[in-house]
Structures are given as C-alpha cells and as structure tokens.
Amino acid sequence: MPALLPPPRTGAARLLDPEHLTRVEDGERLHALLWRLGPGWRMVSSAVLGGGIAERAWVLNAQVAHGYRRTDPARHLAGLARAAGARGPGVGLMTAADVSAHGRARDGGAEAVATAGVSVRGWAAAPQKCTTGVAQRERTTGAVPQECATGAVPPGTVNIVVGLPVALSDAALVNAVMTATEAKVQALLDAGLDCSGTPTDAVCVAARAPRDGAEVHAFAGPRSEWGARLARAVHRAVGAAIPAAAHP
C-alpha cells in the first residue's frame, strides 16, 4: 500500500477541516481529503464504504485514476484510510476528480465541502439505455453512450460532505441528504449545466450524536432551521467546486 503523506495543517480549526493527502498509484499522483471527526458523530451516507446511518469517526474522499478498474472499492478505500492512520469505523467516497480543487462554504454553523467532476453528466430520469450498466462502464472504461451524457470523458463525480453541530433524528438525516441533493442540482443549474448530476454522485452528512438533555432536531428540509443552512452551504460549495472549464 503506497504511503499517504499529510502536509502540515494550518489555520483555525473548523467543523470540517480536512487533511490533504497525496499518494502515487500506477505512476499517477493522486489526492485525498480526510476528516478525523472522532467519536460522537452520526453519519448518513450513500458512500461505497460506510454507507447508511451509523456512528462514524472519519470521512475519506479519495481521488482515483481515470478508468478505475478495481472491483473492490470499499476494500481499497479502507486500506487508504488505514494507511493514513484513521481508526474506527468511517465513510469512504471516491472520485476521478481532483479533490485538491474542492469548494467549501459555511452558513450559520452548517459546513459543506464539495468536489465536482462533471465531464460525464446527465439527468436522473434518463432513458433506459442510459441507465443499464452505464455507471459500471463509466468506472471501468470512462466510456458512456454519447446520447446519455453531455461533455466528454474523463468521468467525474460530485461528492458532498456536510457537517452539522447539532443532533438529527434518523428521518432528519435522510431529509438532510434530500436537501443537500436539491441544493447540488440548484448549483449545477445556476452554473448553466444541463444536468442533475453524474451517475456516481455521493453524499455524506455528519451530525452530532444525541446527548442527554440536548435537542434532537426532527426536520432538515430546506425550510427548516438547519436544512436551510445546509442547503445554502452546499449550494455555494458545489458552485465553487465546479471547474471553470465546465461552465458553458
């Protein structure tokens, strides 16, 4: 396993303050972002590693090579996290985009970090021929039918990591994923992109684990207190992460 080398951390600590990691795989220099949140966090995620709702201690967003061919992404991510010294259960996301060029935003205590590769993008409700096996072909060959994506290869993914300093119920955690996704689509449309995302987008929302006497918020929709803050933070983070070359 190649070594992951974190540079010195500078600046004031934030809720989502990632370490920037680098490694060399197959002769290519690749980047990753690692958040060491520690105990006391519950996360909801669609990630290939650590997805679902559970207590998690860290989040890794790792860049992989274009034309990624491994068939064990969860094991790959877990190994990268261990090599970086992450301990305990965590969440692992991957993307072909350069994660060092990420966007981040804060709004009233809600924080969001986004990485955006949008070369292969499209609408969620695509024709059937665009949904059968396309995501797997994108991961393995970088090739999708022309009518199923706008733009050209290499592929990319929009990964979003959100941190909230409050506890959410299970239903509110799911609601937070919906709100983050809506804000992502809004950011893509505001950037002039004709899509709702890419076939491999992923989200992770981290909220505080419930504590005795502390409020557990039951809602995280875009008009709730924390959902509105989350939405604005995600909207700005995704907008900042979209590569300049992708804008029409």
Side-chain angles (χ1 to χ4, degrees), residues 1-11 13-102 104 111-117 135-136 138-140 154-164 173 177 180 200-209 237 241:
M1 179 66 64
L4 290 163
L5 306 174
R9 301 177 68 176
T10 60
R14 303 188 186 193
L15 196 62
L16 292 180
D17 191 22
E19 296 177 26
H20 294 242
L21 312 175
T22 61
R23 72 188 191 280
V24 175
E25 281 185 1
D26 299 325
E28 186 172 350
R29 186 176 179 86
L30 302 171
H31 302 274
L33 302 175
L34 176 63
W35 293 267
R36 301 178 195 266
L37 292 144
W41 291 89
R42 285 207 316 150
M43 302 186 193
V44 57
S45 180
S46 61
V48 66
L49 173 65
I53 299 177
E55 291 199 12
R56 305 288 187 219
W58 51 265
V59 181
L60 176 70
N61 187 9
Q63 179 189 11
V64 296
H66 297 140
Y68 183 75
R69 294 181 181 277
R70 288 188 59 157
T71 58
D72 58 346
R75 181 178 179 182
H76 186 193
L77 288 165
L80 293 176
R82 284 195 303 272
R87 297 292 180 264
V91 170
L93 310 94
M94 60 173 48
T95 176
D98 181 0
V99 301
S100 66
H102 59 276
R104 65 188 305 166
E111 298 185 17
V113 177
T115 56
Q136 180 61 32
E138 178 188 348
R139 288 192 182 97
T140 59
T157 297
V158 180
N159 283 341
I160 299 168
V161 178
V162 176
L164 298 175
L173 282 169
V177 172
T200 54
D201 292 352
V203 180
C204 176
V205 177
R208 290 291 188 181

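Throughout, numbering of the chain's residues begins at 1 and tracks the sequence. When reading the values below, keep in mind they use all heavy atoms of this one structure, side chains included, and skip hydrogens, waters and symmetry mates.
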Reported CH2-to-CG distance for the pair Trp35 and Asp17, which is rounded to 0.5 angstrom: 10.0 Å
Over all atoms of both residues, closest heavy-atom pair of Arg23 and Ala62: NH1-CB, 4.3 Å
All side chain to side chain donor-acceptor pair (under 3.5 Å) counterparts of Asn159, not counting sequence neighbours: Asn61
Residue pairs fulfilling side-chain hydrogen bond (donor to acceptor under 3.5 Å, both in side chains) with at least one residue in residues 38-51, sequence neighbours excluded: Arg42-Asp170
Spatial distance of atom CD (Gln63) from atom OH (Tyr68) [nearest 0.5 Å]: 12.5 Å
Euclidean distance, Leu49 CG relative to Asp72 CG, rounded to 0.5 Å: 11.5 Å
Spacing of OG1 belonging to Thr115 relative to CE belonging to Met94, to within rounding of 0.5 Å: 12.0 Å
Closest approach of Leu30 to Ala65 (non-hydrogen atoms, all atoms of both residues): CD1-N, 4.0 Å
Test side-chain contact (heavy atoms from CB on, under 4.5 Å) applied to Val205 and Val44, Ile53, Val91, the passing residue: Val44
Side-chain heavy atoms of Glu25 within contact of Arg70, under 4.5 Å: no
Side chains of Arg104 and Pro18 in contact at under 4.5 Å (non-hydrogen atoms): yes
Separation between NE2 of His31 and NE2 of His20, rounded to the nearest 0.5 Å: 10.5 Å
Flag side-chain contact, heavy atom, 4.5 Å: Thr95 against Leu93: no
